[in-house]
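Working notes, structure below.
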Amino acid sequence: MHFMRYERNFFFAALALYIVAAWFSTGYYHRDDHYSIIEFAAYKMGTVSHDQLTWYFGARIRPALQPFIAFIIIKLLQVFSIVDPYIQAFVLRLLTALMALFSIRYFTRSCSYLVNPRYHKAYLFLSYFLWLLPLVNVRFMSETWSGIMLLNALAVLLNTNLRTNRNFIAGGLLGLSFVFRYQNAFLALGIFLWLFIIKREKILDLLKLLAGGVAVLLLGILLDFWLYGEFTLSAWNYFYVNLVEDVASGFGTEAWWNYFYSIFRFGFFPIGIPVILAFLILTVMKPRNVFIWTILPFFVIHSIIAHKELRFLFPVINLIPIILLLAFQTLNWNIRKWRVPGRIAIHAVAWILVIINCIGTVTVSLKPADGGLTVITRYIRLHHGDGSIRLISYNNSNPYGPWGLMASFYMEKDMQDIRLGSLDELGDSVLHEERVNLLVLKREDAASPPARAFLTEHQARKMVQGIPAWMEPLMTLYGGFRVREILELYEIQN
C-alpha cells in the first residue's frame with residue numbers, strides 16, 4: 001500500500017508532463033519516423049502518391065503494423081472533421097504517451113519486489129522522469145512502440161500474480177515488439193534463452209511463448225499485404241537489403257565501441273556515466289539477471305553491425321531505471337555507516353544528478369523533436385495556408401524536406417519550392433510578385449553578408465524560429481544540438 005500510494009502520485013505527475021511533451025515535442029526525432037510510417041499511411045489514404053514515398057516502400061523493407069495504426073487513427077479523426085495534420089500527429093503522440101505511461105505503471109508494479117523498499121521512490125522517479133523518457137515515450141516511432149511491447153512482455157513474465165496464459169501473452173507481446181521493429185528479435189532471443197537456461201522453463205511453456213509470437217507474425221504478414229498490395233516478407237527483405245546487400249553501411253559506419261561513446265556524450269553529461277557503470281556492474285556481479293540477458297545479445301549484435309545510431313537502443317531505454325537501482329543495490333552500500341564527509345559527498349552527487357536530470361527532462365519535454373521543422377511549417381499553415389506561397393531555402397533548410405524528399409503529409413496545396421545553390425543567388429529574380437515570398441535560413445547562413453544585405457534591402461521580418469529563444473541556453477547543454485543551425489523564417493517584401 002505504501003508503494004501504491006507513492007506510485008499513484010508519480011503516475012499523475014508524469015501524466016501531466018507527458019501530455020505537455022506530446023504537445024510541444026512536435027515533428028519527428030528521425031526522418032524514418034515520418035517517411036516510413038506517416039507517409040505510408042497517407043499513401044493508403046490516397047493523399048500521397050507512390051512516387052512521393054521513400055525507397056523503403058519499393059524495397060518492401062518496412063513493417064506495415066504502425067502505418068496501419070496511423071491509418072486507422074487518422075481515418076477516425078477525419079470522421080470527426082479533424083483534418084489538420086498537426087493535430088492528427090499530436091493525437092498519435094498522445095496515444096503513444098498514454099500507452100507508455102500505463103505500461104510503465106504495470107511494469108513498476110510487476111517488478112517492485114525486485115527493488116529494495118528503501119529505493120522505491122527513486123525507482124518510481126527514474127521510471128517516469130529519467131531525462132530522455134518524456135521525449136522517447138511520446139514519439140510515434142518504431143523504437144518507442146517496440147520498446148513499450150517489450151516492457152509489457154517482461155512485466156507479464158515477472159508478475160508473480162499472473163498465472164493463466166502468461167507465456168502465450170508474453171510471446172504475443174514479444175511478437176508485436178518484433179513486428180514494430182525487426183531488430184528486437186535479439187531482445188526476444190535473450191529473453192527466450194533466459195527462460196530456457198536460467199529459469200529452466202518447461203518445454204510446454206516455451207512452446208506457448210513461441211505460439212504467441214508466431215500468431216502475431218502471421219498478422220504482420222497480412223498487414224504487409226495490405227500495405228504493399230502483394231505477398232511479401234518485409235522482415236526478410238529488411239535483413240537481406242540492410243545486412244546481406246549491406247545497404248545500411250551506406251548511411252555511415254562506426255567502431256564497435258561507438259554506443260558507449262554515444263551514451264557518454266549524448267546522455268546529458270554526466271548522467272550517461274552511471275548508466276554505463278550500472279550495466280557493467282550488473283553484467284559482472286549479477287550475470288543471471290533477466291535484464292542483462294535481455295539487453296546483452298541486443299547490444300552486442302548492434303555493436304557488431306557497422307551502421308550505428310543511438311536511437312537503435314531506444315527500445316530498451318525504459319529498462320534503464322531498474323538497471324540503475326539494481327546495480328546500486330548490488331553494491332550494497334550502507335551509507336548510514338559512512339563518516340560524515342562521505343555521506344555529504346554522496347548526497348551532494350545524488351542531488352547534482354537529480355537537478356541535471358530535471359533540467360534535461362524539462363528541455364526534452366518542451367523542445368521540438370525535429371529541431372523546429374514543423375514549428376516553421378505549422379506557422380506557414382496558420383498564416384499563409386490558404387494563399388500562394390513561394391518558399392525559398394538554402395543549405396538543407398527547407399522545413400518540408402531538408403534532405404530532398406518532401407513531407408507531403410504537411411505540404412500546402414499551392415507552394416513553389418525554390419532551393420538556392422548559393423546565397424549569392426539571393427536577389428529580385430528569386431521573388432514572385434503574385435505570391436507570398438518566404439525565406440528559410442539557418443541562423444549561421446542568415447548572418448552571412450549576402451543574406452544580411454538581401455534581408456535589409458527587402459525589409460524582411462523574421463516571423464518565427466524553430467527553437468524558441470528562451471530555450472537556447474538549455475539546448476546548448478544537449479550534446480547533439482548546435483544553436484547556429486536554428487531555422488529562421490523570414491517574410492520578404494516585394
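Values below: all heavy atoms of this structure, side chains included; hydrogens, waters and symmetry mates excluded.
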Under 4.5 Å between any side-chain heavy atoms of [X] and [Y], yes or no?
{"X": "Tyr123", "Y": "Cys111", "value": "yes"}
{"X": "Asn165", "Y": "Lys208", "value": "no"}
{"X": "Phe264", "Y": "Ile276", "value": "yes"}
{"X": "Phe291", "Y": "Phe279", "value": "no"}
{"X": "Val364", "Y": "Ser25", "value": "no"}
{"X": "Val115", "Y": "Gln329", "value": "yes"}
{"X": "Leu373", "Y": "Thr377", "value": "no"}
{"X": "Phe239", "Y": "Tyr182", "value": "no"}

Drop me the distance from [X]'s [atom1] to [Y]'s [atom2], to the nearest 0.5 angstrom.
{"X": "Cys358", "Y": "Leu353", "atom1": "SG", "atom2": "CG", "result": "11.0 Å"}
{"X": "Ile281", "Y": "Leu331", "atom1": "CD1", "atom2": "CG", "result": "4.5 Å"}
{"X": "Ser408", "Y": "Tyr400", "atom1": "OG", "atom2": "OH", "result": "11.5 Å"}
{"X": "Asn318", "Y": "Ile104", "atom1": "CG", "atom2": "CD1", "result": "4.5 Å"}
{"X": "Trp351", "Y": "Ile346", "atom1": "CH2", "atom2": "CD1", "result": "14.0 Å"}
{"X": "Ser365", "Y": "Ile19", "atom1": "OG", "atom2": "CD1", "result": "12.0 Å"}

Looking only at the aromatic ring of each residue, does the gap between the centers of [Y] and [X] stay below 6.0 angstrom?
{"X": "Tyr410", "Y": "Tyr86", "answer": "yes"}
{"X": "Tyr128", "Y": "Tyr18", "answer": "no"}
{"X": "Phe57", "Y": "His50", "answer": "yes"}
{"X": "Tyr259", "Y": "Phe312", "answer": "no"}

Compare every heavy atom of [Y] with every heavy atom of [X], then report the nearest pair and how far apart it is.
{"X": "Leu114", "Y": "Leu158", "value": "CD1-CD1, 4.4 Å"}
{"X": "Arg378", "Y": "Asp84", "value": "NH1-OD2, 3.2 Å"}
{"X": "Ala97", "Y": "Val138", "value": "CB-CG1, 3.7 Å"}
{"X": "Ser234", "Y": "Asp224", "value": "OG-OD2, 2.6 Å"}
{"X": "Met45", "Y": "Gln78", "value": "SD-NE2, 4.2 Å"}
{"X": "Met99", "Y": "Ser103", "value": "O-OG, 2.7 Å"}

Report, as yes or no, whether the 6.0 Å neighbourhood of atom [atom1] on [X] holds more than 12 heavy atoms from other residues, nucleotides or ligands.
{"X": "Lys44", "atom1": "NZ", "answer": "yes"}
{"X": "Tyr261", "atom1": "OH", "answer": "no"}
{"X": "Trp55", "atom1": "CH2", "answer": "yes"}
{"X": "Phe251", "atom1": "CZ", "answer": "yes"}
{"X": "Tyr113", "atom1": "OH", "answer": "yes"}

Could you tell me if [Y] and [X] have a donor-acceptor pair between their side chains, going purely by distance under 3.5 Å?
{"X": "Asn184", "Y": "Ser146", "result": "yes"}
{"X": "Thr232", "Y": "Asn237", "result": "yes"}
{"X": "Ser303", "Y": "Trp257", "result": "no"}
{"X": "His307", "Y": "Glu309", "result": "yes"}
{"X": "Tyr56", "Y": "Glu39", "result": "no"}

Checking Leu65 against Leu176 for the side-chain contact (heavy atoms from CB on, under 4.5 Å) test, could you report, in this order, the C-alpha distance in whole Å, the side-chain angles of both residues, the deciding distance, and whether it holds?
CA-CA 9 Å; Leu65 177 56; Leu176 285 171; 3.9 Å; yes

Run the numbers on Leu206 and Phe196 for side-chain contact (heavy atoms from CB on, under 4.5 Å), then give the verdict.
CA-CA 8 Å; Leu206 292 176; Phe196 179 66; 3.6 Å; yes

For Thr144 and Thr96, what are the C-alpha separation, side-chain angles and deciding distance, and is it a side-chain hydrogen bond (donor to acceptor under 3.5 Å, both in side chains)?
CA-CA 8 Å; Thr144 297; Thr96 306; over 6 Å; no

Using only atom types and a distance under 3.5 Å, with no angle test, would you say the side chain of [X] pairs donor to acceptor with the backbone of [Y]?
{"X": "Thr54", "Y": "Tyr35", "answer": "no"}
{"X": "Asn357", "Y": "Phe129", "answer": "yes"}
{"X": "Asn152", "Y": "Met149", "answer": "no"}
{"X": "Trp256", "Y": "Ile305", "answer": "no"}
{"X": "Gln88", "Y": "Ile82", "answer": "yes"}
{"X": "Asn137", "Y": "Ala100", "answer": "no"}
{"X": "Glu245", "Y": "Asn242", "answer": "no"}

Angle class for the Phe186/His302 ring planes (parallel below 30°, perpendicular above 60°, tilted otherwise)?
perpendicular

Would you verify whether the NZ or CZ of [X] falls within 45 degrees of the ring axis of [Y] while also being under 6.0 Å from that six-membered ring's centre?
{"X": "Arg105", "Y": "Phe11", "value": "yes"}
{"X": "Arg139", "Y": "Tyr29", "value": "no"}
{"X": "Arg181", "Y": "Phe178", "value": "no"}

Go through Trp194 and Thr294 one step at a time and tell me if the side-chain hydrogen bond (donor to acceptor under 3.5 Å, both in side chains) criterion holds.
CA-CA 8 Å; Trp194 178 80; Thr294 301; over 6 Å; no

Would you call Arg311-Glu143 a salt bridge at under 4.0 Å N-O?
yes

With Met285, which of Leu280, Leu326, Thr330 fulfils side-chain contact (heavy atoms from CB on, under 4.5 Å)?
Thr330

Scan Trp226, Tyr43, Phe40 and name whichever one has a ring-ring contact (aromatic ring centres under 6.0 Å, His included) with Phe71.
Trp226

Verdict with reasoning, Arg62 to Asp32, per salt bridge (Lys or Arg N to Asp or Glu O under 4.0 Å):
CA-CA 10 Å; Arg62 291 294 180 179; Asp32 283 1; 3.1 Å; yes

Walk me through whether Ser127 and Phe107 qualify under side-chain contact (heavy atoms from CB on, under 4.5 Å).
CA-CA 9 Å; Ser127 294; Phe107 179 83; 5.8 Å; no

Verdict with supporting geometry, Ile74 and Phe409, side-chain contact (heavy atoms from CB on, under 4.5 Å)
CA-CA 12 Å; Ile74 293 173; Phe409 182 71; 4.0 Å; yes

